[in-house]
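Below is one structure; the comments refer to it alone.
In what follows, chains carry the letters A, B, and so on, assigned in the order in which the sequence lines appear, proteins first and then strands, with residues in each chain numbered from 1.
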Number of protein chains: 2
Amino acid sequence: MNISAASKAAGLPVKTVRYYADIGLVQAPSRSNAGYRTYDDASVRKLVFIRRSREFGFTIEECRELLGLYQDQDRTSAEVKRIATKRLEEIEEKQRELQSLHDELAHLVTSCRGDHRPDCPIIDYLG
Amino acid sequence: MNISAASKAAGLPVKTVRYYADIGLVQAPSRSNAGYRTYDDASVRKLVFIRRSREFGFTIEECRELLGLYQDQDRTSAEVKRIATKRLEEIEEKQRELQSLHDELAHLVTSCRGDHRPDCPIIDYLG
DNA sequence: TCTTGACCTTCCAGTTACTGGAGAGATTAG
DNA sequence: CTAATCTCTCCAGTAACTGGAAGGTCAAGA
């Protein structure tokens, strides 16, 4: 499988697949005579694993860690749960921040008449 | 006022204040004989304006736009409201994404026993 | 007066996770 | 055979800073 087939199968851009190989996340198993990267199903599975983990907001380094656990037959589910729980807490923290941001900004937006006059409570508040 | 006094007054790191000058967001009004940047109260007010806008998640370019409106006596509150409303919609979109992410991950975390055995629904789901 | 330490300068590099493009070689279809 | 498509490597850029090196400046104390 050449890189574009692998990238389609994994749902990732070709550039990204190459990038993941560069940073040592998922190497192409081998090269063709012409030097083309050749992928097999196992690599594609790893790429899919990474794509999904990234969609969950795990950083590349967390993906590296998860991938290590994914490939490790002896890992305990406790280790995986620890990482996922940490990530969940980060999401919850982000949600709280976003909520207070939202409320404050929504208040400003509703209190601004939004007409052609120059007085604006948003600017007054920011300045 | 030297840069460190201005940075304290504005609540921003010195590096960031210098950076904002480099990208033409807030120039230091003048330099001392020794070449030190000298800030006045007006610059500090602009820095505070930017810090608060950044805390609201406006990008640097949006800050530039808002700063233009802030300094423009002829701007209408409608222009400001337009930018703030756009930002509010982005926040709401982000909240929805984060919520579905949260629910999915929370489901996985609760379904994982988190013991010393290797079977783990989180890994099963991601892989 | 000298020195010490805090403060200031510029410039370069690194961060995160890619993305775009140039220039060149390989492969495939018609 | 040629044109289109694919692939390669390498370089540079994104956003918004942050860290550090090397060196100039300033104020206070011995």
Set out, line by line, the N/O atom pairs under 3.5 Å between protein and nucleotides 26-30 of chain C.
{"residue": "C:dA26", "atom": "O4'", "partner": "A:Tyr36", "partner atom": "OH", "Å": "3.2"}

Has B:Ser7 got a side-chain atom pairing as donor or acceptor with B:Leu12's backbone, closer than 3.5 angstrom?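 Such a contact is found between B:Ser7 side chain and B:Leu12 backbone.
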Could you tell me whether the phosphate oxygens of C:dT10, OP1 or OP2, come under 4.0 Å of any side-chain nitrogen or oxygen in B:Arg31?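 True: B:Arg31 side-chain N/O within range (under 4.0 Å) of C:dT10 OP1/OP2.
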Residues in salt bridge (Lys or Arg N to Asp or Glu O under 4.0 Å) with B:Arg31, at least two apart?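 In terms of salt bridge (Lys or Arg N to Asp or Glu O under 4.0 Å), with neighbours along the sequence ignored, B:Arg31 is linked to no residue.
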Nearest 0.5 Å, please: how far is [atom2] in [Y] from [atom1] in [X]?
X       : Y        : atom1 : atom2 : result
B:Ser53 : B:Arg87  : OG    : CZ    : 11.0 Å
B:Leu88 : B:Ile83  : CG    : CD1   : 13.5 Å
B:Glu89 : A:His102 : CD    : NE2   : 10.0 Å

For residues 57-65 of chain B, run the donor-acceptor check on the side chains, cut-off 3.5 Å, and write out each pair with its distance to 0.1 Å, sequence neighbours left out.
{"residue": "B:Thr59", "atom": "OG1", "partner": "B:Glu61", "partner atom": "N", "Å": "3.4"}
{"residue": "B:Thr59", "atom": "OG1", "partner": "B:Glu62", "partner atom": "N", "Å": "3.1"}
{"residue": "B:Glu61", "atom": "OE1", "partner": "B:Arg64", "partner atom": "NE", "Å": "3.2"}
{"residue": "B:Glu61", "atom": "OE2", "partner": "B:Arg64", "partner atom": "NE", "Å": "3.4"}
{"residue": "B:Glu61", "atom": "OE2", "partner": "B:Arg64", "partner atom": "NH2", "Å": "3.4"}
{"residue": "B:Glu62", "atom": "OE1", "partner": "B:Thr59", "partner atom": "N", "Å": "2.8"}
{"residue": "B:Glu62", "atom": "OE2", "partner": "B:Lys86", "partner atom": "NZ", "Å": "3.2"}
{"residue": "B:Arg64", "atom": "NH1", "partner": "B:Ile23", "partner atom": "O", "Å": "3.2"}
{"residue": "B:Arg64", "atom": "NH2", "partner": "B:Ile23", "partner atom": "O", "Å": "3.2"}

For DNA chain D, which residues of residues 11-22 of chain B approach it to below 4.0 angstrom with any heavy atom?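 By residue number: B:Pro13, B:Lys15, B:Thr16, B:Tyr19, B:Tyr20.
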Which pair of heavy atoms, one from A:Thr85 and one from B:Val109, lies closest together, and at what distance?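 Here A:Thr85 and B:Val109 meet closest at OG1-CG1, 3.7 Å.
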Identify the two heavy atoms, one from B:Ser4 and one from B:Val14, that lie closest to each other, and give their separation to 0.1 Å.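 Result for this residue pair: CA-CG2, 4.0 Å.
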Within a strict 4.5 Å, meaning less than it, do heavy atoms of the B:Val26 and B:Phe49 side chains meet?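 Side-chain contact under 4.5 Å: no.
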Boundaries of the chain A footprint along DNA chain D (any atom under 4.0 Å from a heavy atom):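 Span of nucleotides near chain A: D:dC6 to D:dC10.
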Specify the separation, in whole Å, of atom CD of A:Glu61 and atom P of C:dT15.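 Distance check: A:Glu61 CD to C:dT15 P gives 11 Å.
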In whole angstroms, how far is the P atom of C:dA17 from the CZ atom of A:Phe58?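 These atoms are roughly 13 Å apart.
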Quick one: label B:Ile3 by what it contacts on the DNA or RNA (base, sugar-phosphate, nothing), any heavy atom closer than 4.0 Å.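 Here B:Ile3 touches the backbone only, sparing every base.
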Quantified as the angle between the terminal helix axes (five pairs each), what is the overall bend of the helix from C:dT1-D:dA30 to C:dG30-D:dC1 to 10 degrees?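 Axis-to-axis angle, ends of the helix: 20°.
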